[in-house]
Protein chains: 2
Amino acid sequence: MVKRTSFEKAECPIARSLEAIGDWWSLLIIRDAFLGKRRFSEFEKSLGIAKNILTARLRSLVDHGILQSVPASDGAAHMEYVLTPKGHGVFPVLVALRQWTEEFGGRKVSTVLVDRKSDRPVRKLELRAQDKRLLDYRDTLVRPRA
Amino acid sequence: MVKRTSFEKAECPIARSLEAIGDWWSLLIIRDAFLGKRRFSEFEKSLGIAKNILTARLRSLVDHGILQSVPASDGAAHMEYVLTPKGHGVFPVLVALRQWTEEFGGRKVSTVLVDRKSDRPVRKLELRAQDKRLLDYRDTLVRPRA
DNA sequence: GGCGAATGGTTTCATAATGCAACCACACAA
DNA sequence: TTGTGTGGTTGCATTATGAAACCATTCGCC
């Protein structure tokens, strides 16, 4: 096989997620969608992506059920791309990436994710056990499902 | 420019993170490193990746300060690749990806991430406000840093 | 010490993905 | 009717990826 290897059938859930959102542009498109962008030209301008690539990525995201293409809200003829529930589910991934850069990226990051109500920065993502103990990577283990 | 576009100078912290870990293999290598793999051949066998690609990825991860190459622990001549603190910081990203697949991936996932102490599955990642309110994507906003 | 195998790569070459630019069809406005 | 903007598609050059062959050390073993 000379094709790019696919992770569709992978057992590992991380590999499977990469199948859908693991390329250069998909996560940035999703990020923009969270920022309220919905039109082809909005993504194009914001990302500086080539149109053919954008077409391909949008189609792939729609095929994966992450975006949905709906008739334009303003009645125009074109379609708009909005996040599905599955797409909204990517949010923690984006937050994790953002926080990783904030913590280890060196240069200061120019934007902050804030809580709408208080207008103050959010806390770091927390991984907890059933009994709510805060967990670290050292506290966890990957197990075959029973 | 015909080169693949780079996000090094991007403002967005998400784009910057993708610069380092946003390709097909890097996250899987990091995942394997978390699972205790450290040798070239271990990664190779586990991932089914071509050797030249693995060489390139390992080098890139080392350059980005995510892996460190250290003399083999068993005294052999070769190098081993271990996670740096920056590499350990990727953990929440992996967890977020895993949980996304678990929730939206359709087919059941064959492994679970468990808390070592209780041997029970961990909870979903939680994003909280300063006052500990649990937050949703709808509760947040990206702001230019003051 | 000599031999074969394993390790950790590099090199070569074919194919796939990406990026750019040019083009196109349609809607709408002047 | 002649633009002008949107939302693409097509063609072609350049990169990255993947498979396999090759290579230099080191290691076990006799």
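Everything quoted here is computed from the prediction, not taken from an experiment. Within every chain, numbering begins at 1; the chains are lettered A, B, ... in the order of the sequence lines, protein sequences first and strands thereafter.
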*Using atom CD1 of B/Ile53 as one end and atom P of D/dA16 as the other, report the distance to the nearest whole Å.*
11 Å
*Send over the distance from B/Ile49 CD1 to D/dA16 P, rounded to a whole Å.*
15 Å
*Any N or O donor-acceptor pair linking the side chain of A/Asn52 to the base of D/dG11 at under 3.5 Å?*
yes
*D/dT15 phosphate, OP1 or OP2: any side-chain N/O from A/Trp24 under 4.0 angstrom?*
no
*Salt-bridge contact B/Arg128-A/Asp115 (side-chain N to carboxylate O under 4.0 Å)*: no
*How long is the line joining CG of B/Leu54 and P of C/dT10, in whole Å?*
10 Å
*OP1 or OP2 of D/dT17 less than 4.0 angstrom from a side-chain nitrogen or oxygen of B/Arg57, does that happen here?*
yes
*Using a strict 4.0 Å threshold on nitrogen-to-oxygen distance, state whether A/Arg123 and B/Glu126 make a salt bridge.*
no
*Is A/Arg59 near enough to D/dT9 that one of its side-chain N or O atoms lies under 4.0 angstrom from OP1 or OP2?*
yes
*Which is true for A/Tyr81 with a 4.0 Å heavy-atom rule: it touches a base, it touches only sugar-phosphate, or it touches nothing?*
sugar-phosphate
*How close or far is atom P of D/dG7 from atom CD of A/Glu44, stated in whole angstroms?*
9 Å
*asked:* Check this one for me: any side-chain N or O of B/Arg39 less than 4.0 Å away from OP1 or OP2 of C/dG8?
replied: yes
*Distance in angstrom units between B/Glu80 CD and C/dT7 P, rounded*: 13 Å
*asked:* At 4.0 Å (heavy atoms only), tell me whether B/Thr55 reaches a base, stays on the sugar-phosphate, or touches nothing.
replied: base
*With sequence neighbours left out, write down each residue that passes side chain to side chain donor-acceptor pair (under 3.5 Å) with A/Ser26, or none if nothing qualifies.*
A/Asp23
*When the distance from CG of B/Asp23 to P of D/dT17 is rounded to whole Å, what number comes out?*
7 Å
*Please list, chain by chain and in numerical order, all residues satisfying salt bridge (Lys or Arg N to Asp or Glu O under 4.0 Å) with B/Asp63, sequence neighbours excluded.*
none
*With a 3.5 Å cut-off and no angle check, do the side chains of A/Arg98 and A/Thr111 form a donor-acceptor pair?*
yes
*Whole-Å distance between C/dA22 C1' and A/Lys51 NZ?*
10 Å
*Could you check how far CZ of A/Phe40 sits from C1' of C/dC24, rounded to whole Å?*
14 Å
